[in-house]
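Written below as structure tokens is the structure these notes are about.
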Amino acid sequence: LVEGGRAANGLMTAVMKVNAAYAIDEKPGDLAFGTQLANHQTEAMKYLNEASYDFQRAIVLVAVVSSIETQTAFVAMEKILKDTGTKIVGGNKTIYQQRLPLIKTSATAITNAIRKELGIELVGAETTFLSTKAAAGESQSS
């Protein structure tokens, strides 16, 4: 389960990196910039592919030790992130921001599925690792 959580985080990070690499506007006529951008995008795609393979391995491990509910949460996240990554690479520069609420919901589902398997209290969306407030250390009332 911990490996599954780690792999989910890795895949989310990889999609964020791809989004950042593909959000940069090209500078027509600037060959050096174009080469650097292409290298940056290639590295981001390599990171995404590795994270995707890690996530696939983790899903197999999660399937061995967890309920259908937990497995479903992982598969749902995989579909969302892979589709988002594909659309980013295809030129959609707004898809990541559009999908961010869905990605956060999916992260909360995985977090809670793992916690449920371990018999630990469930958390709300505002306390998951993707929450801006949680990352900034702010209280929920702010």
Quick one: side chains of residues 38-45, donor-acceptor pairs under 3.5 Å with protein atoms, not counting sequence neighbours, listed by atom name and distance.
residue, atom, partner, partner atom, Å
Asn39, ND2, Thr35, O, 3.4
Gln41, NE2, Ala21, O, 3.3
Thr42, OG1, Ala38, O, 2.8

So, for Ala58 and Ala7, which heavy atoms are closest and what is the spacing to 0.1 Å? CB-CB, 3.5 Å
Please report the closest heavy-atom contact between Ala113 and Ala73, naming both atoms and the distance. CB-CB, 4.3 Å
I need the Asp54 CG to Asn49 CG distance, nearest 0.5 Å. 11.0 Å
Ala51 versus Ala14, closest heavy-atom pair with distance: CB-CB, 3.7 Å
Exercise: identify the closest heavy-atom pair between Ile95 and Lys87: CG2-CB, 4.1 Å
The test is side-chain contact (heavy atoms from CB on, under 4.5 Å); show your working for Leu11 and Leu48 and say whether it passes. CA-CA 7 Å; Leu11 187 55; Leu48 179 61; 3.8 Å; yes
Assess the residue pair Met12 and Met77 against the criterion (side-chain contact (heavy atoms from CB on, under 4.5 Å)); give the C-alpha distance rounded to whole Å, side-chain angles, the decisive distance to 0.1 Å, and a yes or no. CA-CA 9 Å; Met12 285 186 292; Met77 174 169 267; 3.6 Å; yes
Which is it for Gln97 and Leu100 under the side-chain contact (heavy atoms from CB on, under 4.5 Å) test, yes or no, and what are the steps along the way? CA-CA 5 Å; Gln97 285 303 317; Leu100 193 54; 4.1 Å; yes
CZ/Arg99 to OG1/Thr105 distance, rounded to the nearest 0.5 angstrom? 13.0 Å
Please indicate whether Lys116 has more than 12 foreign heavy atoms, meaning atoms of other residues, nucleotides or ligands, lying under 6.0 Å from its NZ. no
Testing the basics here: between Ala23 and Lys93, what is the closest heavy-atom pair and its distance to 0.1 Å? O-NZ, 3.8 Å
Go through the structure and list residues passing side-chain contact (heavy atoms from CB on, under 4.5 Å) with Ile59, not counting sequence neighbours. Phe55, Phe74, Glu78
With a 4.5 Å heavy-atom cut-off, do Thr13 and Met16 have their side chains touching? yes
Donor-acceptor pair, side chain of Ser106 and main chain of Leu102, under 3.5 angstrom: no
Write down the atom of Ile114, the atom of Leu1, and the distance for their closest heavy-atom approach. CD1-O, 3.6 Å
Following the transitive rule for hydrophobic clusters with a side-chain heavy-atom cut-off under 4.5 Å over Ile, Leu, Val, Met, Phe, Trp and Tyr, establish whether Val64 and Ile110 coincide in one cluster. yes
Full working for side-chain contact (heavy atoms from CB on, under 4.5 Å) between Leu81 and Ile103: CA-CA 7 Å; Leu81 291 173; Ile103 293 169; 3.9 Å; yes
Rounded to the nearest 0.5 Å, what separates atom CD in Glu117 from atom OG1 in Thr70? 3.5 Å
Do the side chains of Tyr53 and Val75 join up, straight or via other hydrophobic residues, at under 4.5 Å, putting them in one cluster? no
